[in-house]
Amino acid sequence: MDQECVSLLPRVCEVLADSSKSLPDDTSLEKLLDWFTEAGRSLLETCPCLLDFVSTVVNNTDSDPSVISFTLRLSGLLTATEDGFKKLQERSVLDLVFNFQRWQEAGLWEDPCIRIGWIQGLRGTLQHPKALSFFVQSDFIKPLLQLQTDSSLFVASAANHMLAHILLFFQPVSPAGSNGIHKKDQYAERTYSGIKTAITLDSDPALTTETNAKYTAVVVAISEYLKESLVPKEKTKLHQSLQILKLLALLLAQARPPLRDTLLRTVADSLEELVTAGYSQLTLPLMDVILAANSSSGPDECVARLLSSMLNANKPADLIHAAAAYLRRGRLDAVHTAQAARILLLPIDIITGQTLLGTDTTADEHRVLMVEQLKNKTSCVSMICVCLTNTPHITLVPPDVLLTCHPAFVVLAVLSLLRICSGDSSSSPTGCREVYRNVIGSGKVQKCALEALTALSSSPAKDKMNEVFTLLIQYLDNPDSDPTVIHKSYKALIKWLSVCTDVSSITDQLRQDLIRVVQKRVCDMRWEVRDSTVEFLGQLAGVQVFLKSAEEEACRASEALLGGCSTTPLLREALQDPESYVRASATSALAQTLSHSWQQGAALTQEETEIVNRLLEILSEDTEGFARRAVVQYFIAWFSSRSSHKHPSSSLLMNSVHSVISKGSVDLDWEVKVHTLQLAELLLDETFSGHQGYKKGSDTDPASLHPYGVVSDQAYTLHTHNLQRTNMEGSDSAGALSNLVEQGVFSALLSGLVDCDRPVGLKACRLLITVRETVCPLPLDATAAMATVTCELPGWGWGQEIRNILGRKKNNQTKEADIVVDSGEDGEVGEVGASESGDGLCVSVCDALSCLQLDETLDVLTQSSDHVHNSLLSLLQDILTSNAAHTHSDREQGEEVIVDCY
């Protein structure tokens, strides 16, 4: 914390402690606490005024509840070290801060923010043995256990994590030497990561004995509470059981022996009673507890018995959820894995009539109850969806564990279920008709089944490709299929084609059916269907498949399946679609479709030329950013994929690139401008590739990870401070740079540099630095050849801004012989080699690069968008300013003061 902040803090504390004043924005307290947290151990030493602040607030029960809550949590930070704990104890503040009865008597305890502040403050304190002794002596365990079932979910959750913290943090160090924090939970990691240290109980034998005694008392109290409260006395108490199960799952997942064993022994009987009671609301929390115990310990008879009970529940819905939870998260022992898999396959077996379980008798025990439950439509849909979601897990079960069900049978069952959903009752001759009618026309089941079918493409059932292909075409052709179902059908088809690359088994009839369906759906009335269809066509062009008739030579799936039906005309037509999403998808699909011919260097057809003209129209005239972004990316893909720079198609490409850069650089959409700069970067790479000193800039731009996030300075060190400049030959540099100017690259970079969107400015600045380091010689005296390369700056917009920047820079430098100062409008001056051209001004490229202060600009752009306000000093000043505004006598009543707490 810097000195200016330290000097302001006493005034801020005075404002916060004054009960007659209130803050207009409570989040400023949260931000202030975050800054104090970062200060860590040095907080009380650096800011002794905080001790007086805490004392003042806790002695005044008229203080604002939010300030009291803030003070409670701040006290936890201050007492997290033994020195801080001792100082608050000596001032007789500690007992006042955490005396919950005092807050109750003052009528403040009813406010949830006071309760949660008390919990979090205590938690901050409990980082060392002295704090544990204070906790036990003050008998805080009773109110904490009561808060564990508080009406506020936030308070109850905080109490749960607090109880877990006490038991886990102070558990004895294991013989292996691991520290007392087995796993930091999310809150502890965020709030106290700077001050939390591992506790060691063996440094002082007397201290160890005392601390162990206190810890044992806490363990006993919490264990007994868990045992007595776990089983609800009445159904209205299920909320309490739910909270206790959450706490148990948290504890068992992180506890080590002997704590884990003690907890299990204590609650084992209560858990068995709860399992037997069969509360459906507690099925998943119970499984969380059992699986946490199962994964944290070796073979345990009690855990195995609980697991078996859950997998033999009487309620089918509970049984399904328990089996699904085990299969997703459990330790996969053979017996329980096979049992869970059979349970999940049973509803699908009942509906489809597919033989998935063989002669398994354990499944028959549940069949009658399961059939009755499935006759209810709501229950049926819910249970089937859970089963479908877990079918991919079932196919991964080793064959020796699940002997009766080959993955191919699961795929066939899912296909059968999809046929039933579409109304094909004949596909389930042996299924239960009373049950399968519940899934007919169910969009939810269809979507889950299609997702399952997509995931099953990676299972050992690739020989079912023909059946899958047939079913998916039926779904695509079905007039009742909604847009989401069609989208998922396309997705499943692409996935299966990418995995099962041998398409020789697909008949000509199926290929013809696919062509017909695609031609039909690309003209669908619903734009979502058209969008999914053109996306599919693009993805199909990117999938490589094999035809045995072609001697295993790879070809694109679009060629293998659509044959003579060229997709390009369909996609070209989609460029005229009234919906912008479809136009954007069609543009992207065309890039995927034509990429192969670009790589092969094939001559452009008239159709492709017309496509280019249409894309340039979209870039100029389309009102939606989606389509314009896709157009720029199309030309990026084309430029990157072309096989030869001397091919006849290159002239059209380069002319188009010039148009794209000129139009894209002035687009209103910032993403279009960033894509345009990426295209300009490709031109830089091509122009300077192989020249000494050029650093290819195609590496991942750190800003692209989050456009407005903080970017590390080190990410740009290569192009700035540590780069040793090397020169190209003057004539080569001049020619290369002149070509870039003609292509509009330099104008795009300069306009991007002063753009209002930070990602655009950051990208442009980085590229300008790359150009400067490549072509501008050291010393800065440009050669005669380089001096002739100029760029015209318009007299408006970005050109005016660049001219002003250069003018201010020149005014701050000593006039040199080759600089002509020609005063213009305000802030505008003459430049090196400057010449008027209408309203524009031509400037030397090298001189502009050296005078634009690019390194300083980059330093600013790499900071976060809120770097000016995202500081402790700014926050403290805001608090003081808002207080002054509230107390101003001339202030209009009701006028709002907003604290800028970023």
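A quick note: this is a predicted structure, and the numbers were derived from the prediction, not measured.
Heavy-atom minimum distance, Leu230 versus Ile244: CD1-CG2, 3.5 Å. The minimum heavy-atom distance between Thr61 and Leu108, with the atom names listed, is O-CD1, 3.6 Å. Across all non-hydrogen atoms, the minimal contact from Val57 to Ser63 is O-OG, 3.8 Å. Scanning both residues, Cys302 and Ala268, for their nearest heavy atoms gives SG-CB, 3.5 Å. Considering every non-hydrogen atom in both Pro232 and Ser241, the closest pair reads CD-OG, 3.2 Å. For the residue pair Ile320 and Pro347, the shortest heavy atom distance occurs at CD1-CG, 3.7 Å.
For the pair Arg91 and Asp52, the salt-bridge criterion is met [side-chain N within less than 4.0 Å of a carboxylate O]. The existence of a salt bridge linking Glu273 and Lys227 is excluded, since no basic side-chain nitrogen approaches an acidic carboxylate oxygen closer than 4.0 Å. The residues Lys142 and Asp139 are annotated as salt-bridged, a charged nitrogen and a carboxylate oxygen being separated by less than 4.0 angstrom.
Side-chain atoms of Leu271 and Leu245, non-hydrogen and from C-beta on, do get closer than 4.5 Å to each other. Between Ser55 and Asn59 there is a side-chain heavy-atom pair separated by less than 4.5 Å. Counting only heavy atoms from C-beta outward, the side chains of Asn376 and Asn438 never approach each other to under 4.5 Å. In this structure, Ile348 and Leu388 have side chains that are in contact, with non-hydrogen atoms separated by less than 4.5 Å. Looking at Glu105 and Asn99, their side chains never come closer than 4.5 Å, going by heavy atoms from C-beta outward. Between Leu78 and Val54 the shortest side-chain heavy-atom distance falls below 4.5 Å. The side-chain heavy atoms of Met370 and Leu374, taken from C-beta on, include a pair separated by under 4.5 Å. Leu346 places a side-chain heavy atom less than 4.5 Å from the side chain of Arg367.
Residues Ser308 and His336 bring a donor and an acceptor atom of their side chains to less than 3.5 Å of each other. A donor-acceptor pair shorter than 3.5 Å cannot be found between the side chains of Tyr326 and Asn390. For Ser459 and Thr395, the side-chain atoms include no donor-acceptor pair closer than 3.5 Å. For Ser66 and Asp64, the side-chain atoms include at least one donor-acceptor pair closer than 3.5 Å.
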Per-pair distances, 0.1 Å, donor-acceptor, side chain in residues 278-287, under 3.5 Å, sequence neighbours excluded:
from, atom 1, to, atom 2, distance (Å)
Ser280, OG, Asp318, OD1, 3.1
Ser280, OG, Asp318, OD2, 3.1
Thr283, OG1, Ser280, O, 3.2
Thr283, OG1, Asp318, OD1, 3.4

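Taking CG from Leu163 and CD1 from Ile141, the interatomic distance works out to 5.5 Å, rounded to the nearest 0.5 Å. We find the CG-CG distance between Leu291 and Leu252 to be 11.0 Å, quoted to the nearest 0.5 Å. Here the CG-CD1 distance, from Leu263 to Ile222, works out to 8.5 Å after rounding to the nearest 0.5 Å. Annotation: the span from Gln148 atom CD to His161 atom NE2 amounts to 11.5 Å, rounded to 0.5 Å. To the nearest 0.5 angstrom, Ser75 atom OG is 5.5 Å from Phe98 atom CZ. In this structure, Asp111 CG and Ile68 CD1 are separated by 9.0 Å, a value rounded to the nearest 0.5 Å.
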### Working for side-chain contact (heavy atoms from CB on, under 4.5 Å), residues Phe170 and Asn212
CA-CA 9 Å; Phe170 291 98; Asn212 278 336; over 6 Å; no
### Task
Check the pair Arg73, Glu30 against salt bridge (Lys or Arg N to Asp or Glu O under 4.0 Å), reporting the backbone distance first and the verdict last.
CA-CA 10 Å; Arg73 288 180 288 169; Glu30 298 294 332; 2.8 Å; yes
### Task
Go through Cys47 and Leu50 one step at a time and tell me if the side-chain contact (heavy atoms from CB on, under 4.5 Å) criterion holds.
CA-CA 6 Å; Cys47 313; Leu50 292 176; 3.9 Å; yes
### Task
In sequence, state the C-alpha distance, the side-chain angles, and the governing distance for Leu44 and Leu77, and then conclude on side-chain contact (heavy atoms from CB on, under 4.5 Å).
CA-CA 9 Å; Leu44 206 51; Leu77 288 175; over 6 Å; no
#### Entry: Worked check of side-chain contact (heavy atoms from CB on, under 4.5 Å) between Gln373 and His366
CA-CA 11 Å; Gln373 187 75 31; His366 304 291; over 6 Å; no
### Query
Passes salt bridge (Lys or Arg N to Asp or Glu O under 4.0 Å), Lys87 versus Glu90? Steps please.
CA-CA 5 Å; Lys87 287 179 181 178; Glu90 289 172 349; over 6 Å; no
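A donor-acceptor distance shorter than 3.5 angstrom exists from the side chain of Ser309 to the backbone of Arg305, with no hydrogens or angles considered. Within the 3.5 Å criterion, the main-chain N or O of Gln243 finds a donor-acceptor partner in the side chain of Asn160. The backbone N or O of Lys130 lies less than 3.5 Å from no partner atom in the side chain of Glu82, so there is not a single donor-acceptor pair.
With sequence neighbours left out, Tyr225 forms a ring pair (Phe, Tyr, Trp, His ring centres under 6.0 Å) with no residue at all. Listed by chain and residue number, Leu311, Ala340, Ile343, Leu344 satisfy the side-chain contact (heavy atoms from CB on, under 4.5 Å) test with Ala323 (two or more places apart in sequence, or in another chain).
Note on ring orientation: taking the six-membered ring where Trp is involved, the planes of His128 and Phe85 are perpendicular (angle over 60°, cut-offs 30° and 60°). Between His165 and Phe169, the ring-plane angle classifies as parallel under the 30° and 60° cut-offs. Ring pair Phe100/Phe140 is perpendicular by interplanar angle, where above 60° counts as perpendicular and below 30° as parallel.
For NZ of Lys377, the number of neighbouring non-hydrogen atoms (other residues, nucleotides, ligands) closer than 6.0 Å is 12 at most. Atom CG of Leu238 has more than 12 heavy atoms from other residues, nucleotides or ligands within 6.0 Å. Residue-environment remark: CD (Glu110) stays at or below the threshold of 12 foreign heavy atoms within 6.0 Å.
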